[in-house]
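Side chains included, hydrogens not; waters and symmetry mates left out as well; all remaining heavy atoms used.
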Amino acid sequence: MGGWIPPRHAQRDLWVSVCSNKQELNFPASFFTVTHHDNQRANIQYLRGLHFSKRIISKLMAIAPQSFSRPVERNQEVIHTLRETYLYLGGDEGNLCIWIQKLLSQTQNPYILMRPAEAWRDSLDFLREQGFTTEELLHLVSSLGASIAELQPEAMRWALGYIEGSLMCSKEELKEIVLCCPAILYYSLPTLNGHFLGLMDVGVSMEQVKDTPNVLELTTELALYRIQKLASYGYDVHCGSLDVIVGTKEDFEMSHGKLRFNPVAPLRSAEE
């Protein structure tokens with residue numbers, strides 16, 4: 001009995017083994033509510049064998065502990081599918097582990113390991129049929145992460161058809177719009193319709209949306225608020241680019257902050 005280690009102590013030891021510094025020694029409750037300690041250990045060893053950094057592994061353990069409680073073979077299958085996907089899309093074998101680590105380290109992507117391998121293939125096959133090149137598909141995978149495995153081909157077909165019809169764009173223009181705003185692929189038709197009609201209602205033109213498609217990520221309320229905020233500083237978005245109202249709250253505050261002190265100051269553009 002002297003060599004027996006209580007389960008919680010064993011899990012604590014696992015967590016400590018992937019902490020790169022003392023500041024990370026706050027043990028996540030989510031990890032300790034999961035059982036299957038042997039699976040946890042095996043999955044950590046597997047990811048370490050792939051040269052995953054301690055930072056990535058500890059992040060996955062804290063945010064997606066379910067990924068570690070299931071048999072290691074399940075994660076091996078998903079990693080194998082990601083590898084096949086990356087190489088199939090023209091990725092370099094030498095950069096494979098770096099690419100997967102970057103994919104997993106993005107905020108929305110820790111649940112990638114929980115997605116069925118088949119779902120990845122179905123989504124990518126559909127997008128390839130729409131004419132996206134291997135380089136463009138790699139960009140979409142990197143941008144959408146785990147979400148791409150949740151996309152249903154039929155739902156994507158409806159979304160693409162709606163955008164193509166609403167913006168009256170060519171197939172090539174449609175591809176550029178999707179690459180600029182990948183969120184279009186996972187928005188439901190009612191959501192897309194609501195965002196688009198909302199922009200039309202506040203006076204934004206179809207051409208402006210086509211030039212800055214990621215404006216479709218904004219709700220009508222947020223778009224109107226930002227347009228009115230800029231108008232109070234003398235900037236009329238109806239006569240210029242919509243680049244100034246897209247992006248995060250921090251991006252927008254930076255843009256309207258320039259106008260507040262200088263109404264003619266050059267604003268952030270999409271190329272910056």
For the CZ atom of Arg48 and the OG atom of Ser53, what is their distance to the nearest 0.5 Å? 8.0 Å
Are Leu60 and Ile98 linked, directly or through intermediate hydrophobic residues, by side-chain heavy-atom contacts shorter than 4.5 Å (ILVMFWY only)? no
Working for side chain to side chain contact (heavy atoms under 4.5 Å, CB included), residues Leu199 and Leu216: CA-CA 8 Å; Leu199 290 168; Leu216 289 168; 4.0 Å; yes
Just to verify, what does Lys249 make a side chain to side chain donor-acceptor pair (under 3.5 Å) with, not counting sequence neighbours? none
Of the non-hydrogen atoms in His238 and Val202, which two are nearest, and what is the gap between them? NE2-O, 2.8 Å
Partner residues of Ser232 under the side chain to side chain donor-acceptor pair (under 3.5 Å) criterion, sequence neighbours left out: none
Kindly write out the residues that satisfy side chain to side chain donor-acceptor pair (under 3.5 Å) with Asp125, not counting sequence neighbours, or none if the list is empty. none
With sequence neighbours excluded, residues passing side chain to side chain donor-acceptor pair (under 3.5 Å) with Thr219: none
Below 3.5 Å, can you tabulate the donor-acceptor pairs from side chains in residues 151-162 to any protein atom, sequence neighbours excluded?
from	atom 1	to	atom 2	distance (Å)
Glu154	OE2	Trp158	NE1	3.4
Tyr162	OH	Asn193	OD1	2.8

Among Ile44, Asn39, Asn43, the one residue meeting side chain to side chain contact (heavy atoms under 4.5 Å, CB included) with Val72: Asn43
Without swapping roles, check the side chain of Ser241 against the backbone of Val237 for a donor-acceptor pair under 3.5 Å. no
Distance col, row Leu47:CG vs Cys97:SG, nearest 0.5 angstrom, shows 10.0 Å
Are Phe132 and His139 an aromatic pair by the rule of ring centers under 6.0 Å? no
Looking at Ser205 and Gln208, would you say the former's side chain and the latter's main chain have a donor-acceptor pair under 3.5 Å? yes
CG/Leu50 to CD1/Ile57 distance, rounded to the nearest 0.5 angstrom? 8.5 Å
Who passes side chain to side chain contact (heavy atoms under 4.5 Å, CB included) against Glu135, sequence neighbours left out? Thr133
As an exercise, state the distance from CG of Leu140 to CG of Leu185, rounded to the nearest 0.5 Å. 6.5 Å
Which salt bridge (Lys or Arg N to Asp or Glu O under 4.0 Å) pairs, counting each pair once, include a residue from residues 213-228, with sequence neighbours left out? none
Show your working on side chain to side chain contact (heavy atoms under 4.5 Å, CB included) between Val204 and Val215 and close with a plain yes or no. CA-CA 10 Å; Val204 171; Val215 73; 5.7 Å; no
Any side-chain heavy-atom pair from Leu127 and Val178 closer than 4.5 angstrom? no
Salt bridge (charged side-chain N to carboxylate O under 4.0 Å, His left out) partners of Glu164, counting only residues at least two apart: Lys171
Using the test side chain to side chain contact (heavy atoms under 4.5 Å, CB included), find all partners of Thr220 that sit at least two apart in sequence or belong to another chain. none
At what distance, to the nearest 0.5 angstrom, does CG of Leu96 lie from CG of Leu82? 8.5 Å
Residues in side chain to side chain contact (heavy atoms under 4.5 Å, CB included) contact with Leu167, at least two apart in sequence or another chain: Ile163, Cys169, Ile177, Phe196, Met206, Val209, Lys210
Start with the C-alpha gap between Glu84 and His80, add the side-chain angles, then the distance that decides, and say whether side-chain hydrogen bond (donor to acceptor under 3.5 Å, both in side chains) holds. CA-CA 6 Å; Glu84 283 188 329; His80 178 70; 3.2 Å; yes
Under the side chain to side chain contact (heavy atoms under 4.5 Å, CB included) test, which residues partner Leu138, sequence neighbours left out? Tyr86, Leu89, Trp99
Would a 4.5 Å heavy-atom cut-off, applied to side chains only, mark Glu136 and Lys175 as touching? yes
Between Tyr225 and Leu230, does a side chain to side chain contact (heavy atoms under 4.5 Å, CB included) hold up when you go through it step by step? CA-CA 9 Å; Tyr225 166 78; Leu230 292 176; over 6 Å; no
Qualifying ring pair (Phe, Tyr, Trp, His ring centres under 6.0 Å) pairs with a residue from residues 43-67, counting only residues at least two apart or across chains: none
Do you know the tightest heavy-atom contact between Thr134 and Arg128? CG2-NH2, 3.1 Å
Rounded to the nearest 0.5 Å, the OG atom of Ser123 sits from the OH atom of Tyr186 at a distance of 14.0 Å
Taking the side chain from Glu176 and the backbone from Glu173, do they hold a donor-acceptor pair closer than 3.5 Å? no
